[in-house]
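The block underneath contains the structure these notes are about, expressed in structure tokens.
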Amino acid sequence: MKLFSVFKYIKGYWGYAGLNIFFNILFSIFSVVSLALVIPFMDLLFKSSTADYLVMLDAGKPVFDPAHAVEFVKGMFNYNMAELIVHSGKAEALFFICVVVFILTLFKNLFRYLAMYFLAPIRNGVVRDLRNKLLKKSLNLPLSYYSNERKGDIMSRMTSDVQEIEWSIMQTLELIFREPLIIIISLIMMISISGYLTLYVFLFLPVAGLIVAIIGKSLKRSASRSKEILGRLFNILEETLGGLKVIKAFTGEKYVQRKFEETNETFYRESVSVYRKTDLTSPISETVVVGILMMILFIGGKMVISNDTVLSAAAFIGYFAMASQIVPPIKQITLAYNNIQKGVASEERINKILHAESDILETPTPTEIKTLLNQIEFRNVSFAYTKGDAGYVLKDINLSIPKGKTIALVGQSGSGKTTLCDMIARFYDADAGEILFDNLNIKQTSLKSLRDMLGMVSQEPVLFNDSVFNNIAFGLENISEQQVMEAAKIANAHDFIVAMPEGYMTNIGDRGAKLSGGQRQRISIARAVLKNPPVLILDEATSALDSENERLVQDALQKLMKDRTTVVIAHRLSTIINADEIVVMERGQIIERGTHKQLLDQKGTYHKLYEMQALK
Ligand code: ADP
Ligand code: MG
């Protein structure tokens, strides 16, 4: 049954779980026993003569017998009570009972607290572990996974679904150990008072269980729906915060607001339904259980009225007190059961991420590459983003990128240039053909060593909300300020960095929002300089810049490219005139290749493109 699957999360917390269970057991015993004291209390008030107690006293101390432990404790207590009453009087005995009940209650609550005390590290530890595991998995999943999944949905799984699991865990620990224990101990006591009456309880209890199970099933469905909608809500939120500038510029506030409100409304409706179903559990289970109790009250009361010797009035009242004691745990269990249903719905959503298959896998014995010796080569490479249809993004690409040379890719937007570069880093795997790094298929290499060979600077620099220093040293360890500064100087970034309020320690804001486009780009170039990779990929690194900035960045890039193997995608053809080979792409295929001069002489596509730009 899925119900217990939450237990695997407790792995590593068995110590705490054991302590929690131990104190829960003590708690249950103490709660039931303190209530059982009602019987001698009643006896004391209503039994008129001390003669009864003399009889008890005469019976002597009971002998311990493990099979009748309850009888023994009861006997011991009765004996001591009788002794107290006979020798010191009823008032004294009453005082004694009150003190005992108070002490029992004190311990009962101490144990309850201790049980919760040891539950806290489990609950929070499970949440911490799960979030760490989810982030680790998110970092390992290939880029293609994220083209198909919504970021907001992944975020909602990492936050609210994980929270739901926390609830499940706590509820399960209670469900499995504390509440049933109270019920079992109460039932034992009840049987010891009257087995006949308790038979009725056993007959009708399963009815309550059935009703609860039906509600639980429908609850799970609603819960999973509401979580999915929450994911969409997160998604809108994420896009809104990320695109505030555009939203304001295009005065799209109303549209975004409406989209959010609509989704939020759906979420509201689903949540209300989840709450109503959850809230239905306790009233129903209480009604059913109290119905059973009333029946017992009736049958037992009749026995007392008819002066049946089997059941004294005091014993019946004690019995009834104990029977009512099982109502709250039954309510708790039904509630817990339903919360677990919600937890299971969340668990399924989390598992979708945790069990997502990565299709970019390393071989069992990957080869570490140290440097590029000869060339990177594309051999008959074809690739499509969506498998199964004919929409190839790259088709039959043959290309060699020799060590130390600069290869330029040109072509219309959408012709597959970025895709080709991404494949060198193995962000995507070829559907046909192979990519070779010094004659070794990159599928045979270790991913880390392959990516360590590459430095990428793209049109949209990726910066983090952190200091300039940490952004430049990103991904590298043990970097000195001196090294970062040297890299920044090569990247023409040093001057503007030192002019900032806190120099290299200045925080650059979300995605580098506090910097200009050119400054952002120069920081990402400094990052590439510092990494010092043998192979460089420049994907339209200057196309988002104005000409003043472009000159500075271009100059920085020139320094970076020196002595390196470079693939450069250029928007402005003037920047690649000196490339060793220019490759012209169209709809995923290479249609022309050669040096700038050769291509101009061909008077083909490149010539046309060049003429067009020269006119500008
Ligand atoms: P370029 O860099 O030459 O402008 P791209 O390599 O970015 O071209 O894109 C080539 C084609 O692949 C385009 O038609 C684009 O629509 C498609 N494409 C790019 N990225 C993805 C993606 N993540 N999922 C699906 N299709 C994509
Ligand atoms: Mg591109």
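Remember, it's 1-based here, ligands and their atoms both numbered in the order they're listed.
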Which residue owns the protein heavy atom closest to [atom], what's the atom, and how far is it?
atom: atom 4 (O) of ligand 1; answer: Gly414 N, 2.7 Å
atom: atom 19 (C) of ligand 1; answer: Tyr385 CE1, 3.4 Å
atom: atom 2 (O) of ligand 1; answer: Thr418 OG1, 2.6 Å

- Check whether any heavy atom of Ser413 sits under 4.0 Å from an atom of ligand 1. yes
- Message: With the threshold set strictly below 4.0 angstrom, can you tell me whether any protein non-hydrogen atom sits that near atom 7 (O) of ligand 1?
- Response: yes
- Message: Tell me whether atom 21 (C) of ligand 1 lies less than 4.0 Å from at least one protein heavy-atom position.
- Response: yes
- Message: Surrounding OH of Tyr255 (heavy atoms of other residues, nucleotides or ligands, distance under 6.0 Å), is the total greater than 12?
- Response: no
Exercise: do [X] and [Y] side chains pair donor with acceptor under 3.5 Å:
X: Asn507; Y: Asp466; value: no
X: Asp129; Y: Tyr13; value: yes
X: Asp539; Y: Thr418; value: yes
X: Lys227; Y: Ser156; value: no

- Query: When the aromatic ring centroids of Tyr392 and Phe383 are compared, is their separation below 6.0 Å?
  - Reply: no
- Message: Contact between Ser222 and Lys277 at the side-chain level, heavy atoms closer than 4.5 Å - yes or no?
- Response: yes
- Identify which of Ile569, Val393, Leu409, Asp422 has a heavy atom lying nearest to atom 11 (C) of ligand 1. Val393
- Task: From the options Met423, Glu586, Lys417, select the one whose nearest heavy atom is closest to atom 3 (O) of ligand 1.
- Result: Lys417
- Note on the structure: Closest non-hydrogen atoms of Arg587 and Ser415, given as atom of the first, atom of the second and distance, are N-CB, 3.9 Å
- Pro461 pairs by side-chain contact (heavy atoms from CB on, under 4.5 Å) with which of Gln521, Arg522, Gln519? Gln521
- Note on the structure: side-chain contact (heavy atoms from CB on, under 4.5 Å) test vs Val410 passes for just one of Val583, Val584, Ile569, Leu599, namely Val584
- Query: Considering only heavy atoms of Thr419, which atoms of ligand 1 have at least one such atom less than 4.0 Å away?
  - Reply: 5 (P), 6 (O), 9 (O), 10 (C)
- Sub-2.8 Å protein N, O or S atoms surrounding the Mg ion (ligand 2): Thr418 OG1
